[in-house]
K.L.:
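Have a look at this one before I ask anything.
Predicted model only: the values in this text are computed from it and were never measured. Index from 1, following the sequence.
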Amino acid sequence: PFLHLLAYLDGTFVFIGYDDYFYYKKLGFKNEIFIPNFYTFEPDKIKSSELKTHNIVMLGRAADKIKGIIYAIQSMPFIIKEVPDARLILLSSSYSIQFLKDLAKKLKVDKYIKFNYYTADISKVFYDSSALMYTSLSEAFPLAMVEGKAHGLPVVAFDVACSPPYQSGVINVDMLDVEALAKETVKLLKNKDYRLKMGKEAKLSLNQFNNADTEKLWEKLFKSLMKGTKYFRQFQKQIEEKYYDENKARERMEKRYRDLLNLHKNFSCHQLNDFTKPSYVRNIKACPVNKKSDKSK
């Protein structure tokens with residue numbers, strides 16, 4: 001009800017997520033626009049990793065289960081089997097990280113994972129890595145992914161419905177498919193030519209947006225609002241023609257919905273409305289496995 005109420009407000013809503021723009025547009029918002037987020041760095045001023053190692057890096061808040069760090073850890077037994085010297089470098093906070101260490105120990109991969117709580121020089125870690133693992137279950141503007149791509153790292157990720165420009169240079173696998181995540185990572189680690197190709201593609205994908213252009217878009221937005229609705233609509237049309245493809249946005253949102261339905265295997269004991277509560281999602285747990293029902297399917 002609150003979201004529908006917003007549709008009647010006169011304010012302008014700026015979305016940094018391509019798909020969120022589509023979603024709220026369909027809710028009936030009157031003044032919405034898509035403008036990409038600012039980078040906190042200049043990609044063209046960052047040198048690329050030489051991709052010489054078998055290190056995999058991942059960034060994410062340990063306490064935020066939406067970041068899906070457990071799935072990165074679950075992929076390691078499969079990866080180590082094919083690439084014994086592979087290492088996962090986890091850049092995260094020290095808060096609520098013990099359950100991740102316990103999981104790594106249970107899977108007997110704790111010696112292959114480096115828990116790095118803080119580093120003053122994140123570029124050093126990127127330069128010493130050859131792939132970025134991205135297991136978020138939901139994204140709008142994947143800044144950590146963008147930062148990895150700025151260092152020329154190819155990305156292996158769950159296929160979440162984030163803005164299409166950030167799909168380039170990314171190897172997507174189905175949501176929660178840990179084995180596929182591992183398989184694609186192994187493919188990168190074993191084939192240097194392939195990872196160099198994907199790393200170059202990852203970095204080039206960032207050319208679509210830059211801070212100077214994004215700043216100009218904000219300036220144009222404010223000027224159009226000051227001039228009136230007619231000018232805002234003209235600017236909105238320009239933005240859509242340059243960045244927006246409604247058919248692709250619809251496909252992405254439909255995929256997001258299918259992904260939610262497919263979560264029934266692990267989360268069928270939860271109600272659909274539960275997924276609209278951030279506090280609930282952050283602490284969500286998988287449902288108990290019903291082996292009998294699984295065999296009957």
Side-chain angles (χ1 to χ4, degrees), residues 16-19 36-37 39-41 43-44 46-61 66-76 78-79 83 86-92 113 116 122-123 125-209 252 255 259:
I16 61 174
Y18 183 98
D19 303 305
N37 207 352
Y39 296 150
T40 56
F41 44 83
D44 58 346
I46 298 176
K47 71 175 185 178
S48 296
S49 167
E50 295 181 359
L51 309 182
K52 288 183 175 181
T53 72
H54 284 164
N55 292 340
I56 309 153
V57 64
M58 180 177 181
L59 292 75
R61 297 182 299 276
I66 292 296
K67 296 301 179 184
I69 297 177
I70 60 170
Y71 306 109
I73 293 175
Q74 288 174 351
S75 73
M76 286 305 289
F78 301 99
I79 293 173
V83 188
R87 296 293 183 272
L88 174 63
I89 303 172
L90 177 61
L91 299 177
S92 184
I113 301 175
N116 195 333
I122 194 171
S123 288
V125 179
F126 284 134
Y127 292 141
D128 196 36
S129 302
S130 289
L132 174 71
M133 190 173 283
Y134 211 80
T135 52
S136 289
L137 304 181
S138 178
E139 280 293 347
F141 186 88
L143 189 57
M145 178 191 290
V146 171
E147 190 167 7
K149 292 171 78 170
H151 288 80
L153 293 182
V155 183
V156 184
F158 286 153
D159 191 13
V160 296
C162 66
S163 299
Y166 304 107
Q167 295 295 315
S168 182
V170 180
I171 303 162
N172 289 303
V173 301
D174 287 340
M175 186 81 72
L176 303 181
D177 192 339
V178 172
E179 289 191 38
L181 185 74
K183 181 180 178 181
E184 293 300 332
T185 303
V186 167
K187 186 178 177 181
L188 275 176
L189 297 183
K190 282 189 170 184
N191 189 331
K192 186 175 181 179
D193 288 340
Y194 175 52
R195 65 177 182 264
L196 285 172
K197 172 181 174 294
M198 292 301 297
K200 184 177 181 180
E201 183 181 317
K203 184 149 189 172
L204 288 175
S205 71
L206 302 184
N207 290 341
Q208 182 164 355
F209 301 125
R252 301 298 301 175
K255 184 189 182 305
D259 286 341

K.L.:
About how many Å separate CG of L188 and CG of L51, when rounded to the nearest 0.5 Å?
P.N.:
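Nearest 0.5 Å value for the CG-CG distance: 9.0 Å.
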K.L.:
Could you tell me if the side chain of F158 sits less than 4.5 Å from the side chain of V173, heavy atoms only?
P.N.:
yes
K.L.:
Drop me the distance from R195's CZ to I171's CD1, to the nearest 0.5 angstrom.
P.N.:
11.5 Å
K.L.:
Indicate yes or no for a side-chain donor-acceptor contact from H54 to the backbone of L189 under 3.5 Å, with no hydrogens or angles considered.
P.N.:
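A pair under 3.5 Å: yes.
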K.L.:
Starting at CD1 of I69, measure out to CG of L91 and round the result to the nearest 0.5 Å.
P.N.:
10.0 Å
K.L.:
Quick one: closest heavy-atom pair of K192 and K52, and the distance?
P.N.:
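Reported closest heavy-atom pair: NZ-CG, 4.0 Å.
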K.L.:
Would you check if I122 and L59 make a side-chain contact, meaning some heavy-atom pair closer than 4.5 Å?
P.N.:
yes
K.L.:
Between the main-chain N or O of A150 and the side-chain N or O of S48, is there a donor-acceptor pair closer than 3.5 Å?
P.N.:
no
K.L.:
Starting from the C-alpha separation in whole Å, work towards a yes-or-no answer on side chain to side chain contact (heavy atoms under 4.5 Å, CB included) for Y127 and I46.
P.N.:
CA-CA 10 Å; Y127 292 141; I46 298 176; 3.7 Å; yes
K.L.:
Other residues, nucleotides and ligands only: do more than 12 of their heavy atoms fall within 6.0 Å of NZ on K47?
P.N.:
no
K.L.:
Please give me the minimum heavy-atom distance between K149 and A202, naming the atom from each residue.
P.N.:
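Looking at all heavy atoms of both residues, the closest pair is CE-O, 3.3 Å.
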K.L.:
CD of Q74 to CD1 of I79: how many Å apart, nearest 0.5 Å?
P.N.:
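Going from the CD atom of Q74 to the CD1 atom of I79 covers 12.0 Å.
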K.L.:
Looking at every heavy atom in both V170 and M198, which two are closest together, and how far apart are they?
P.N.:
N-CE, 4.2 Å
K.L.:
Is a side-chain N or O of S130 found less than 3.5 angstrom from the main chain of T53, in a donor-acceptor match?
P.N.:
yes
K.L.:
Work out which heavy atom in E147 is nearest to a heavy atom in F126; give both atom names and the distance.
P.N.:
CG-CE1, 3.8 Å
K.L.:
In Å and rounded to the nearest 0.5 Å, what is the CG to OG distance from L132 to S49?
P.N.:
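So the gap between those two atoms works out to 11.5 Å.
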K.L.:
Quick one: closest heavy-atom pair of I89 and S129, and the distance?
P.N.:
CD1-OG, 4.1 Å
K.L.:
Working to the nearest 0.5 angstrom, can you tell me the gap between L204 CG and N207 CG?
P.N.:
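Answer rounded to 0.5 Å: 5.5 Å.
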K.L.:
How close do Y134 and L143 get, counting heavy atoms only, and between which atoms?
P.N.:
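Where Y134 meets L143 most closely, the heavy atoms are OH-N, 4.4 Å.
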